[in-house]
Amino acid sequence: QVQLVESGGGLVQPGGSLRLSCAASGSIFSINAMAWYRQAPGERRELVAAIATGGNTNYADSVKGRFTISRDNAKNTAYLQMNSLKPDDTAFYYCNAGVRPDSYSRNYLNYWGQGTQVTVSS
């Protein structure tokens with residue numbers, strides 16, 4: 001069993017910053033990609049940023065230049081540094097990871113965290 005636990009959400013004024021963390025724990029042999037998604041009320045869940053094991057990243061156009069995804073492979077943790085936040089960034093943010101649970105498994109299984117609320121408002 002694998003758990004992803006997000007933290008760092010909250011209420012911030014426009015132009016402010018937040019740093020989200022996603023810690024993976026449990027039966028983990030290796031993790032390939034880790035990603036952050038978000039979902040606003042009435043909207044579809046969308047990819048915000050993703051990072052591969054080697055550090056390659058990709059971002060949604062709406063957050064390029066403002067958000068930075070990173071990871072600490074030794075801690076099985078991903079981060080999302082969010083700067084210059086806008087009201088449109090308000091959403092529930094979810095962590096996602098592909099996890100290989102043990103050395104006998106060939107496949108990576110997809111896991112989601114419970115999410116953390118980010119609200120950008122004055």
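Hydrogens, waters and symmetry mates play no part in the numbers below; they use all other heavy atoms, side chains included. Since the structure is predicted, the reported quantities are computational estimates derived from the model, not experimental observations.
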Is [X] reaching over with its side chain to a backbone N or O of [Y], donor-acceptor style, under 3.5 angstrom?
X    : Y    : result
R66  : S84  : yes
T53  : I31  : yes
D102 : F29  : no
R100 : S105 : yes
E6   : G115 : yes
R45  : Y93  : no
S62  : A60  : no
Q13  : S122 : no
S27  : P101 : yes

Checklist entry - Do N83 and S17 have side-chain N/O donor and acceptor atoms under 3.5 Å apart? => result yes

Next on the checklist: Side chains of Y79 and T68 only: does a donor on one sit below 3.5 Å from an acceptor on the other?
Outcome noted: no

Between [atom1] on residue [X] and [atom2] on residue [Y], distance to nearest 0.5 Å:
X   : Y    : atom1 : atom2 : answer
R19 : S7   : CZ    : OG    : 9.5 Å
S21 : K75  : OG    : NZ    : 9.5 Å
Q3  : I28  : CD    : CD1   : 8.0 Å
Q1  : L109 : CD    : CG    : 10.5 Å

Shortest non-hydrogen contact between [X] and [Y], atoms and distance:
X   : Y    : result
A35 : I69  : CA-CD1, 4.3 Å
C95 : M34  : SG-CE, 4.5 Å
D89 : V120 : CB-CG2, 4.2 Å
V99 : V2   : CG1-CG2, 3.9 Å

Checklist entry - Do the side chains of L85 and Y59 join up, straight or via other hydrophobic residues, at under 4.5 Å, putting them in one cluster? => result yes

Checklist entry - Does I51 share a hydrophobic cluster with L4, counting links as ILVMFWY side-chain heavy atoms below 4.5 Å and allowing steps through other members? => result yes

Checklist entry - What do the steps show when you test L47 against N58 for side chain to side chain contact (heavy atoms under 4.5 Å, CB included), and what is the final call? => result CA-CA 10 Å; L47 176 67; N58 67 284; 3.7 Å; yes

Beyond-backbone contact of [X] with [Y], side-chain heavy atoms, under 4.5 angstrom:
X    : Y   : value
P87  : P14 : yes
M82  : L20 : yes
V118 : T90 : no

Checklist outcome for this item: salt bridge (charged side-chain N to carboxylate O under 4.0 Å, His left out) filter on D61, not counting sequence neighbours, yields K64

Next on the checklist: Could you walk me through whether Q39 and E46 satisfy the side chain to side chain contact (heavy atoms under 4.5 Å, CB included) test, starting with their C-alpha distance in whole Å, then the side-chain angles of each, then the deciding distance to 0.1 Å, before giving a yes or no?
Outcome noted: CA-CA 6 Å; Q39 187 169 19; E46 63 174 357; over 6 Å; no

Checklist entry - Just wondering, more than 12 heavy atoms not from Q114 lying within 6.0 Å of its CD? => result no

Next on the checklist: Tell me if the aromatic rings of F67 and W36 count as close, with their centers under 6.0 Å from one another.
Outcome noted: no

Checklist entry - Mind checking what makes ring pair (Phe, Tyr, Trp, His ring centres under 6.0 Å) contact with F92, not counting sequence neighbours? => result Y94

